[in-house]
Amino acid sequence: MGTPMEKIKAYQQIESFISTELAEQVAAEMEFNDDDLGLRLDGKDSEYDFLFRCHSLGEIDKIIAFEESASRLTRTVTVDFLFVLKNGRRLAIEVKTTQQPNKSITSAKRLKEQREFAELMSAELYYAVFIEGDWELFSAVYVESKKQILGKESYKVSEMEILGERYFLISDPITLKSYYREQEKKPLYVNIPETEIKKWIIQDNDLGYAEKFIIEAYEQNILTINRPNAQKFMIIILALHALFSAAANNHREVIKQKHGRTLVIDTSENVVVLKLSDFLIEPVYNLWRSRKKKGIPRKFIAHLVDKDERELMTPAMVLMSLAYLYEKGIRINVLSYTNEIEISTEFIDAFPEHFESENAANV
């Protein structure tokens, strides 16, 4: 017989607020098996990922979570979250984390009941749906018009942009050369004020401490980052982690050198599409993975959202870093959709404010 879902939910409620060691002790005491801590909790990981993305985009003023156990107790159909945006708009959000294309995401009866709840909250009902690796946001009006069945092409009517999401098309291959050393002598680091991480030392559990980064395109040097200029330019490496992770997944070459040094060469595809939220959350996930941690940093995300603290990466940092690449000749366009028609705008036309004052490198 499987572990009761109420038991798993109780664990989920406290897991984000205790240490990893204590969480493991609690899980052992509650006699969870691998399935309980794996697949059945993956949905919760996805929920945290969605919250992290939305919060990092900077357009939400307040997030209120509704307890599923309370809704069962009162026999009231609720939603997962209420987002109050900075412009005053209120969104009642139901999160669907395991959606397969062309399958129903809810019933007509439940949609009607959730819409009634949203109206009580003076909010519009929306469904956040994880389809083929991407979060999309659909109005209840659209979901109802499709009889609760969403296909692969539904992303063209996704409304993630109301939360501040943006889509970037990068049309030139980027190469990142990363130099690491086993011993910590003079590692690269960056200061990130007003966050929990005051001094971020760039390192990798397997490769050692970062000494130098070189960004290239078509074998032409775009930027070299070493210790003398690290504080001025290192934020670009952090801001563009999502692009470099995409490059690592596409093609990676690891070259062992003398004196405990390693050179890693990552090269992206000719065309890459990334979201603003990818750039915003990837530095944190990269730091988490580099310490050989599993899953996602739920405790960190919960603290960030609850305390409404400044993110490690802000939209302005990402946009200024992309502007730097654009000024160096990298082709970058911003994608949007109107009436299911894709519109592509050059980066400089979409964000002219990043080219009107100081150099884009001053992130």
Side-chain angles (χ1 to χ4, degrees), residues 46 49-59 128-137 152-156 158-176 178 213 215-218 222-223 234-252 266-290 296 311-337 342-351 354 360-361 363:
S46 298
D49 178 81
F50 175 71
L51 276 181
F52 190 16
R53 287 175 183 274
C54 295
H55 186 269
S56 67
L57 288 167
E59 296 298 323
V129 188
F130 193 65
I131 301 179
E132 297 193 333
D134 283 309
W135 283 107
E136 310 294 357
L137 188 67
K152 293 181 179 180
E153 295 300 307
S154 294
Y155 73 91
K156 291 184 179 180
S158 173
E159 296 186 50
M160 282 295 292
E161 289 187 25
I162 65 179
L163 300 177
E165 188 66 281
R166 296 293 182 269
Y167 304 85
F168 301 98
L169 173 68
I170 302 171
S171 304
D172 289 305
I174 303 294
T175 296
L176 175 67
S178 309
F213 292 101
I215 303 175
E216 295 180 350
Y218 300 110
I222 292 178
L223 177 64
M234 193 64 221
I235 200 69
I236 292 179
I237 295 294
L238 300 181
L240 300 180
H241 251 312
L243 175 58
F244 300 138
S245 291
N249 291 332
N250 178 58
H251 183 268
R252 163 165 285 197
D266 298 321
T267 304
S268 70
E269 297 179 273
N270 291 340
V271 177
V272 178
V273 177
L274 292 167
K275 300 183 291 295
L276 177 57
S277 64
D278 292 333
F279 290 105
L280 292 169
I281 70 174
E282 181 59 23
V284 174
Y285 286 175
N286 184 275
L287 177 64
W288 189 253
R289 291 192 300 267
S290 72
I296 67 174
E311 309 280 352
L312 294 180
M313 195 58 52
T314 67
M317 291 176 181
V318 173
L319 294 175
M320 293 297 276
S321 298
L322 289 172
Y324 181 87
L325 291 186
Y326 183 88
E327 287 195 324
K328 295 295 183 178
I330 302 302
R331 291 175 294 170
I332 303 176
N333 287 63
V334 181
L335 303 179
S336 60
Y337 296 91
E342 183 177 279
I343 300 172
S344 180
T345 307
E346 277 208 42
F347 188 89
I348 191 171
D349 296 323
F351 299 100
H354 293 290
V363 295

[X] vs [Y] side-chain heavy atoms within contact, under 4.5 Å:
{"X": "Ile215", "Y": "Thr175", "answer": "no"}
{"X": "Leu169", "Y": "Val334", "answer": "no"}
{"X": "Arg53", "Y": "Leu51", "answer": "no"}
{"X": "Phe213", "Y": "Leu176", "answer": "yes"}
{"X": "Glu346", "Y": "Tyr326", "answer": "yes"}
{"X": "Phe351", "Y": "Leu322", "answer": "no"}
{"X": "Arg166", "Y": "Glu161", "answer": "yes"}
{"X": "Thr345", "Y": "Ile343", "answer": "yes"}

Test item: Arg331 side-chain N/O and Ser171 main-chain N/O as donor-acceptor pair under 3.5 Å: yes

Name of the residue among Ile330, Ile236, Leu223, Ile170 meeting side-chain contact (heavy atoms from CB on, under 4.5 Å) with Leu325: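 Of the listed options, the one satisfying the test is Ile330.
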
Closest heavy-atom pair and its distance - [X], [Y]:
{"X": "Asp172", "Y": "Gly329", "value": "OD2-O, 3.8 Å"}
{"X": "Ser344", "Y": "Asn333", "value": "OG-ND2, 3.0 Å"}
{"X": "Pro283", "Y": "Leu238", "value": "CG-O, 3.1 Å"}
{"X": "Val318", "Y": "Leu280", "value": "CG2-CD2, 3.8 Å"}
{"X": "Tyr167", "Y": "Ser158", "value": "OH-OG, 4.4 Å"}
{"X": "Ala247", "Y": "Ile174", "value": "CB-O, 4.4 Å"}

Quick one: which of Glu165, His55, Glu282 gives a side chain to side chain donor-acceptor pair (under 3.5 Å) with Ser277? Glu165

[atom1]/[X] to [atom2]/[Y] distance, rounded to the nearest 0.5 angstrom?
{"X": "Ile235", "Y": "Leu240", "atom1": "CD1", "atom2": "CG", "answer": "10.0 Å"}
{"X": "Asn250", "Y": "Asn270", "atom1": "CG", "atom2": "CG", "answer": "8.5 Å"}
{"X": "Tyr285", "Y": "Ser245", "atom1": "OH", "atom2": "OG", "answer": "12.5 Å"}
{"X": "Leu137", "Y": "Ile162", "atom1": "CG", "atom2": "CD1", "answer": "5.0 Å"}
{"X": "Ser56", "Y": "Ile281", "atom1": "OG", "atom2": "CD1", "answer": "6.5 Å"}
{"X": "Glu216", "Y": "Lys328", "atom1": "CD", "atom2": "NZ", "answer": "13.5 Å"}

Can you say whether the rings of Phe168 and Phe279 are parallel (under 30°), tilted (30 to 60°) or perpendicular (over 60°)?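 The arrangement is perpendicular - the two ring planes meet at more than 60°.
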
